[in-house]
Peer 1: 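Supplied in structure tokens, the structure appears directly below.
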2 protein chains.
Amino acid sequence: MTTNAAPPTSGTDRFLAAELAGEASFLIARARSRGSALANDRLAPLGLRVRSYSVLSLACSGLRPTQRELAEFLSLDPSQIVALVDALEKDGQVQRIPDPSDRRSKLIEATPSGAALYARARALTCEAEDVSLGGLSATEKTEFLELLNKAAFPIG
Amino acid sequence: MTTNAAPPTSGTDRFLAAELAGEASFLIARARSRGSALANDRLAPLGLRVRSYSVLSLACSGLRPTQRELAEFLSLDPSQIVALVDALEKDGQVQRIPDPSDRRSKLIEATPSGAALYARARALTCEAEDVSLGGLSATEKTEFLELLNKAAFPIG
DNA sequence: ATTAATGGTTGACTTAATCAAGAATATCAG
DNA sequence: CTGATATTCTTGATTAAGTCAACCATTAAT
């Protein structure tokens, strides 16, 4: 038996001492990488990814977003929304509905099938979130979400 | 004058009521998108991006990481590290040093030029972080970083 | 000494991000 | 109303990022 007193953490723990480990951009990138990998794994059986899931989620919100609004809210390029909605629409989960007040824009709404899919997907992403944030207590989790919200929506 | 009592926030604020707005994966994705866009803009004049910056940062840490360690710590594929180190090395900011204890692996260390570049880059990313997390008070910021750390490094 | 495992590298391939331009519609100035 | 300007969605091109399998050199295990 070697002098193996260290717990089986990770092997790169010594880099926690580096300046980088204190920078938000790095920590967010790493948290996102882990979290979205988890969520994507769980969503895969449903034919969804975190991206398409987020579009489906807003399509299910009853708020009838336009594609432009989806792009802004999700921090994506409008052309990316086109591709995401195309895929969901071809799959019958979502519909493009002509905006009565502006014939340029299209309202994105979930079909019944899409709503059912979302219900299942939502359970999976919540599960993934629980795993992903497993290191946080319940109160820490809510505090974290609150601060994340402020970071994600600066002025608003 | 229309009944425009709402402050000029964003135009998509109504989606804050959607379920999605309470999910960590979405909030993290959005925070990262905003944050890394800010950081990339500031780093661009130095010929860096957040990715290459993070490699340079660890190369400047004095911890002499191997490429494998960089990949693990940064949640990147080893082949991505190759490309990042290639670019930094060709630019003279970083060196591949043969690991005396394992001739397979290479230790990544910053050159003096790389260290100088990092000093300037670090100032810019800190500045970007201040802007990015401008919605948080000082205490909230430290609390946020602490929670982010727990989310980014679950067990460790 | 053979076998298996690891670290770096390359190449192929898929997905994501960025950007410019076009068609349809809406808004605004005069 | 008319012409100029802006907006929405769309397409296409281009670059960056992520994923994966295979290879060589080396190390570790049997």
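Being a predicted model, the structure only gives us computed values, none of them experimental. To find a chain, count down the sequence lines: A is the first, B the second, and so on, and within it residues start at 1.
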Peer 1: Round to the nearest Å and state the distance from B/Asp77 atom CG to C/dC13 atom C1'.
Peer 2: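 Spelled out: CG on B/Asp77 to C1' on C/dC13 is 13 Å.
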Peer 1: If the threshold is 4.0 Å, N to carboxylate O, is there a salt bridge linking B/Arg96 and B/Asp86?
Peer 2: yes
Peer 1: Both B/Arg104 and A/Arg104 contact DNA chain C. Taking the nearest nucleotide for each, which residue is further toward the 5' end?
Peer 2: B/Arg104
Peer 1: When the C1' atoms of the five terminal pairs at each end define the local axes, what inter-axis angle does the helix from C/dA1-D/dT30 to C/dG30-D/dC1 show, to 10 degrees?
Peer 2: 30°
Peer 1: In chain order, what residues pass the side-chain contact (heavy atoms from CB on, under 4.5 Å) check against B/Glu69, with sequence neighbours excluded?
Peer 2: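 Residues passing side-chain contact (heavy atoms from CB on, under 4.5 Å) with B/Glu69: A/Thr12, A/Arg14, A/Phe15, B/Pro65, B/Thr66.
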Peer 1: In whole Å, what is the span from the CG atom of A/Leu84 to the P atom of C/dA16?
Peer 2: 7 Å
Peer 1: Enumerate the residues from residues 36-71 of chain B whose closest heavy atom to DNA chain D is under 4.0 Å, giving them by residue number; use none for an empty result.
Peer 2: B/Arg49, B/Arg51
Peer 1: Return the value, rounded to whole Å, for the distance between atom CD of A/Glu89 and atom P of D/dT10.
Peer 2: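 Answer to the nearest Å: 8 Å.
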Peer 1: Can you tell me how far CD of A/Glu109 sits from CG of A/Leu63, rounded to the nearest 0.5 angstrom?
Peer 2: 10.5 Å
Peer 1: In this structure, is the centre-to-centre distance between the rings of A/Phe73 and A/Phe153 below 6.0 Å?
Peer 2: yes
Peer 1: Run the numbers on A/Leu76 and A/Leu70 for side chain to side chain contact (heavy atoms under 4.5 Å, CB included), then give the verdict.
Peer 2: CA-CA 8 Å; A/Leu76 296 177; A/Leu70 288 175; over 6 Å; no
Peer 1: Output the rounded distance in Å from CG (A/Leu107) to P (D/dC9).
Peer 2: 9 Å
Peer 1: If I compare all heavy atoms of B/Lys141 with all of B/Leu133, which pair ends up nearest, and what's the gap?
Peer 2: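 Result for this residue pair: CE-O, 3.6 Å.
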Peer 1: Looking at every strand, decide which applies to B/Leu76 at a 4.0 Å heavy-atom threshold: base, sugar-phosphate, or nothing.
Peer 2: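 Here B/Leu76 touches the backbone only, sparing every base.
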Peer 1: Hey, is the side chain of B/Ser79 pairing donor to acceptor with the base of D/dC20 inside 3.5 Å?
Peer 2: yes
Peer 1: Heavy atoms from C-beta onward define the side chain here; which of D/dG18, C/dT10, C/dC19 lies closest to that of B/Val82?
Peer 2: C/dT10
Peer 1: Rounded to the nearest Å, what distance is computed from the CG atom of residue B/Asp99 to the P atom of nucleotide C/dG8?
Peer 2: 9 Å
Peer 1: Respond yes when some side-chain nitrogen or oxygen of A/Arg103 is under 4.0 Å from OP1 or OP2 of C/dA24, and no when none is.
Peer 2: no
Peer 1: May I ask you to evaluate whether B/Arg32 reaches the phosphate of D/dA17, defined as a side-chain N or O under 4.0 Å from OP1 or OP2?
Peer 2: no
Peer 1: Tell me the interatomic distance from B/Ile81, atom CD1, to C/dG8, atom C1', rounded to whole angstroms.
Peer 2: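 Taking CD1 of B/Ile81 and C1' of C/dG8, I get 11 Å after rounding.
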Peer 1: For A/Lys106 and C/dT25, give me the distance from atom NZ to atom C1', rounded to whole Å.
Peer 2: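 To the nearest whole Å, that distance equals 12 Å.
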Peer 1: Answer yes if the side chains of A/Gln93 and A/Ser113 hold a donor-acceptor pair under 3.5 Å, and no otherwise.
Peer 2: yes
Peer 1: Of the options B/Ile108, B/Leu107, B/Asp99, which is the one that meets B/Arg64 in a side chain to side chain contact (heavy atoms under 4.5 Å, CB included)?
Peer 2: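 That would be B/Leu107.
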Peer 1: Within the 4.0 Å heavy-atom criterion, would you say B/Asp102 contacts the bases, only the backbone, or no part of the nucleic acid?
Peer 2: sugar-phosphate
Peer 1: Does B/Arg122 pair with A/Glu23 as a salt bridge, N-O distance under 4.0 Å?
Peer 2: yes
Peer 1: Do the side chains of B/Phe26 and B/Glu19 get nearer than 4.5 Å, heavy atoms only?
Peer 2: no
Peer 1: Starting at CD of A/Gln80 and ending at P of D/dG12, how long is that distance when rounded to a whole Å?
Peer 2: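 Computing the A/Gln80:CD to D/dG12:P distance gives 17 Å.
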